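Throughout, numbering of the chain's residues begins at 1 and tracks the sequence. Note that the structure is predicted; figures quoted are calculated from it, not measured.
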Amino acid sequence: MADAVQALLEDMVPELDYLQEKGFFSEAEIKAIVKKRTAFEYALRRRQSQKSDYLAYVQYELNLDLLRSKRKQRLGVMQKNNPAEHAIVKRVHFVFQRALKKFRGDVKLWLQYIDFCERSGSAKAQTRVFLQALQFHPRQAGLWVMAAKWEFEHNANMSGARVLLQRGLRINRGSALLWREYFRLEMLYVDKVAKRREAVGIDPDADVGQDIDGDGDGDG
């Protein structure tokens with residue numbers, strides 16, 4: 001256990017050196033950060049670690065990143081490619097991933113991770129997390145709806161959204177929520193295709209069905 005924690009702490013050295021060198025945190029604050037992270041890492045490795053241990057670690061890192069961001073702005077540091085810029089976000093991802101290995105049956109925890117992905121702009125990770133969550137919770141109709149909306153609204157992927165809802169309906173045939181969302185999605189797509197065709201001077205009512213059936217707009 002000690003060796004694993006020490007290895008993680010050593011990986012943090014470039015990040016912490018940069019933060020102290022640029023004046024984001026004092027030497028005393030850096031020592032306090034190391035002490036706090038060490039305590040969190042040991043807590044996560046206890047046999048009886050709780051979900052609250054992981055979430056406390058996540059919240060600590062998010063608060064730390066907020067403080068770093070405020071001090072960066074105050075100091076006028078413009079350098080983007082540095083060891084600290086994305087280190088905390090990556091660490092939060094790592095903590096969530098470890099938490100979900102242990103508490104994969106906790107739907108709320110999956111939703112918290114999905115929310116973090118969205119707020120941190122981690123789009124690729126969010127797509128991956130949706131698929132992982134659905135593997136463990138295929139009976140959660142709301143998850144299928146959220147994943148489909150993400151594909152359609154963020155990734156502009158109608159084909160992917162449609163496939164997700166179809167898979168969800170195969171598993172949850174009696175879900176009124178999934179059927180409503182499937183109908184809503186198709187109607188939104190019809191409207192989207194019609195508006196685009198009208199914008200380029202094509203009769204919006206002509207052969208719209210062909211575009212829909214073939215997904216000819218390139219969204220998939």
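- The line from CD of Q6 to CG of D11 is 10.0 Å long, rounded to the nearest 0.5 Å.
- Legend: residues meeting side chain to side chain donor-acceptor pair (under 3.5 Å) with K149, ordered by chain and number and at least two apart, are absent.
- Annotation for H86: atom NE2 does not count as buried by contact number, only 12 or fewer foreign heavy atoms lying within 6.0 Å.
- Rounding to the nearest 0.5 Å places CD1 of I33 at 4.5 Å from CZ of F25.
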Go through it in stages, so that I can follow the logic: the residues are I88 and E15, the test is side chain to side chain contact (heavy atoms under 4.5 Å, CB included), and I'd like the CA-CA distance, side-chain angles, deciding distance and then a yes or no. CA-CA 9 Å; I88 290 178; E15 168 201 356; 3.9 Å; yes

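- Cation-pi check for R46 over Y42 is not met; the charged atom does not lie both under 6.0 angstrom from the ring centroid and within 45 degrees of its normal.
- Inter-residue side-chain proximity for L62 and F116 is flagged as met; some heavy-atom pair is nearer than 4.5 Å.
- When side chains are defined from C-beta on, E29 does not count as touching F24, because their heavy atoms never get closer than 4.5 Å.
- The CH2 atom of W110 sits 12.5 Å away from the CE atom of M146 when rounded to the nearest 0.5 Å.
- Y18 and L66 fall into different hydrophobic clusters, where Ile, Leu, Val, Met, Phe, Trp and Tyr residues are linked whenever their side-chain heavy atoms come under 4.5 Å apart, directly or through other members.
- Follow the hydrophobic side-chain contacts under 4.5 Å out from V190 and you never reach F183; the two are in separate clusters.
- Ring geometry for H154 versus W150: interplanar angle under 30°, hence parallel rather than tilted (30 to 60°).
- Ion pairing between a basic and an acidic side chain is recognised when a charged N comes within 4.0 Å of a carboxylate O; E85 and K90 show no such pairing.
- Below 30°, between 30° and 60°, or above 60°: for Y60 and F40 the angle between ring planes is between 30° and 60°, a tilted geometry.
- Heavy-atom neighbours of K36 NZ from other residues, nucleotides or ligands within 6.0 Å: at or below the threshold of 12.
- Within the 4.5 Å cutoff, no side-chain heavy atoms of D17 are placed close to those of I30.
- Although no hydrogens or angles enter the test, the distance criterion places no donor-acceptor pair under 3.5 Å between the side chain of W144 and the main chain of R139.
- Residue I114 holds its CD1 atom at 5.5 Å from CG of L143, rounded to the nearest 0.5 Å.
- If you take CE on M158 and CG on L185, they are separated by 4.0 Å, rounding to the nearest 0.5 Å.
- Ion pairing between a basic and an acidic side chain is recognised when a charged N comes within 4.0 Å of a carboxylate O; R167 and E151 show no such pairing.
- Using a 4.0 Å cut-off between charged side-chain N and carboxylate O, R37 and E41 make no salt bridge.
- Residues H93 and S122 share a closest heavy-atom pair of NE2-OG, 2.9 Å.
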